[in-house]
Structure formats: structure tokens, C-alpha cells
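Single-structure report; data block below.
Every number for a ligand or one of its atoms is a count from 1 in the order of the listing.
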Amino acid sequence: MDEHKIIQKYFSDVGSAYLAEQGVRVSVGDDAAIISNSSNKESIVSIDTSIKDVHFLSSMNATDIAYRSVAIALSDLAACGATPAWYTLALTMEDFDEEWLKDFSEGLRIISEEFKFPLIGGDTTKGSLSISVQVTGYCDPGKALTRKGSIEGDLVFISGFIGEASRGLRALQNDEDNTKEISSYLRPRARIDLGQRLIGIASSAIDVSDGLIKDLGHICSESNLGCEILIDDIPTSLTEPLTSGEINQGDDYEICFSANEKYLSEIEGIAEELKIPITAIGKMTKGSSVTVKDSQGIEVKIQDGYGHF
Ligand code: ADP
Ligand code: MG
């Protein structure tokens, strides 16, 4: 099958039911996609590359690989409070395997349906397996959440549970049967609903990809502040306590944000309504870095988060 037919068969109608409502007039199949601009919104754009054996295991099935590659890109839109509009996909694969492509395109279809956003273009090449997903969403002008904007005294919150996905990855690597943790690694939930609800409440936000403490460090540096986290307050669903490594392992794709204490009950209401746990884990302070303390107030050394280089 030639490249043109592959594209036609596996990528041309992913999420196509949502093209019109997103203003996409020309989609997969032409030289470029053509979209009419919604004049009263700001566009939010992000791209993430997933590379075999770095961002996913080659033993994973193609449906999970596709779902995960789009979900982690969407997570950046969630952290901004954006509404997803559409995405493009640059796929590099080792060979043409029809079964694999069918499963891969199924993963795209699942997440396109879940977030009601279409695949509108991309590129297909041969080489070692790599998937780049560029997502675009929108927000009311000036409203998107950023890493900058925390104020001294703001509370620091985290959605969901930390450490589950990294435990899942370890289980996959060791061939252990650990269903719940494995599924939180394979199918991260992009917190789009939560991000949208935090607009006007959160003073800053980031999604946790490289590690809770590492990513919180970006809020600190962008906001010119420090923060103090209580290790015992970091939420985990795991039966064994989190190790200092697991706290900062990443792959959680939860939203870490700061907000004034006056929003506490509103935040609790959002958590209840969306059925997503949201936990206060500390406070923004003067300074320039993240300090983690135990119940005795003694500083705990946390392992470094993920870094590519
Ligand atoms: P060109 O050579 O003009 O860049 P391509 O042959 O690369 O065009 O792509 C043809 C069409 O298929 C374009 O509309 C492109 O956006 C789309 N496309 C290619 N690969 C993918 C993919 N993996 N997913 C979605 N759309 C794709
Ligand atoms: Mg062209």
C-alpha cells in the first residue's frame, strides 16, 4: 500500500464528525488544512513527541501508543484551561504493518471521540518509531492559565494521585500484573474539564509530566517565588507509601496549580462535581525553589525529576 492510501485509510476520517464545529473547511488530503479563525478567542498551541522506549514501551499495543501520544499533548492544553479544537500528527514508523496501523488509528479515534476533536493533517515517514502530536485549542482572550502568576501565600494543589503511572510503568517493565497502575500509565487522563474550571480561580498552573517537584519548580521560577510542600499531603492511591523517587518520577499528567485560599470551597466543589480528587499540598512562599518537608518540619531530599539530556 502506498503512503497516500495509508493516509486515506487510517487518518482521513479520525474525529471527522467534529470538523465543521471547529471551523475546519479543508482537512487531511490536501496540501494543508484550512481553518476559519474564531475572531474572539485566543489559540493555544502545543506539540509533544513520543519516542519508542523513551516515552512508551515498544511492547505496548498500538492503540495505547496512539491514545497516550495524543493524551500527553492534550495535557498541556488542560494546564492552560483550553478547549481542544483539532490536532495534527507526524508519524514515523519502521515499516508498513497494516494490523499495527489499524490498532494505532483506533487509539486516535478513541481519544478524538472522547474530546470531540478531529485529526486534520500530518506527515507519514519511515524511520524509528516516533509520534509527534500538535494540538490546538482556544480560550477567551487573556484568560488562559500559565506558569506565571502565583502570589506569595497562595495554596498549592494537585489533582488526582501521584506516583500511580510510574508504578504502572515499572509493572509493565517487570511483567507484573498491576492493572490499575498500568492503565494510568497507558491511558493518562488529560484533565481538560478541570483546566477549564480553574480559569479565574488558579493563579498559575502546570501539568505534571517530568515530576511533581520538578514541574512545580517551573511555577516557582516563572512566578519568582518559592514554595513549601508537605510530603505527607501528597496524594497517592498506592498501598505502599511513595518513595522520594516516585514523588518526582513524572508521567502523572495531573494538574498542579496555585490559588488564593479564598477559593478553597469552590475548588472542593469542582473536585466533587468532576469526581477528581484535588489536594492542597503546600503554599507559595518567598524564595526561588521548592522545599519538601516531613511532618516534623524537617526538609526531605527528593530525587531529581525526568530530564532528556
Ligand atoms: P505533502 O507532500 O503535500 O506535504 P503529504 O503526502 O505529506 O503531503 O500528506 C498528504 C495529506 O495527508 C496532507 O493533508 C497531510 O496533512 C495528511 N497526512 C499525512 N500524514 C498524516 C498523518 N499521519 N495523519 C494525518 N494526516 C496526515
Ligand atoms: Mg504538498
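Residue Phe11 has no N or O atom closer than 3.5 Å to an N or O atom of ligand 1. Here's the thing with Gly122: one of its N/O atoms is less than 3.5 angstrom from an N/O atom of ligand 1.
When every heavy atom of Ser112 is checked against every heavy atom of Val14, the shortest pair comes out as OG-CG1, 3.4 Å.
A cation-pi arrangement, defined by a distance under 6.0 Å to the six-membered ring centre and an angle within 45 degrees of its axis, is absent between Arg170 and Tyr185.
Of all the atoms in ligand 1, the ones that sit under 4.0 Å from a non-hydrogen atom of Asp30 are 11 (C), 13 (C), 14 (O). The contact set between ligand 1 and Glu3, taken as ligand atoms under 4.0 Å from a residue heavy atom, comprises 6 (O). In summary, the atoms of ligand 1 found under 4.0 Å from a heavy atom of Gly29, numbered by their order in the structure, are 11 (C), 12 (O), 13 (C), 14 (O). Distances below 4.0 Å separate heavy atoms of Val28 from the following atoms of ligand 1: 12 (O), 14 (O), 17 (C), 26 (N). Residue Asp31 has at least one heavy-atom neighbour below 4.0 Å for each of these atoms of ligand 1: 3 (O). Within ligand 1, counting atoms from 1 as listed, the ones closer than 4.0 Å to a heavy atom of Leu119 are 24 (N), 25 (C).
Partner Phe257 forms a side chain to side chain contact (heavy atoms under 4.5 Å, CB included) with one of Ile267, Leu145, Leu216, Asp207 and no other, that one being Ile267. Among Glu246, Glu181, Glu176, the one residue that satisfies the side chain to side chain donor-acceptor pair (under 3.5 Å) test with Arg167 is Glu246.
Summarising the contacts of atom 10 (C) of ligand 1 with Ile6, Ile7, Val26, the nearest heavy atom is found in Ile7.
In this structure, Asp64 pairs ionically with Arg187, as a charged nitrogen and a carboxylate oxygen lie closer than 4.0 Å. For Asp154 and Lys283, the salt-bridge test fails: no basic side-chain N is under 4.0 Å from an acidic carboxylate O.
The six-membered or imidazole ring of Tyr87 lies near that of Phe117, with a centre-to-centre distance under 6.0 Å.
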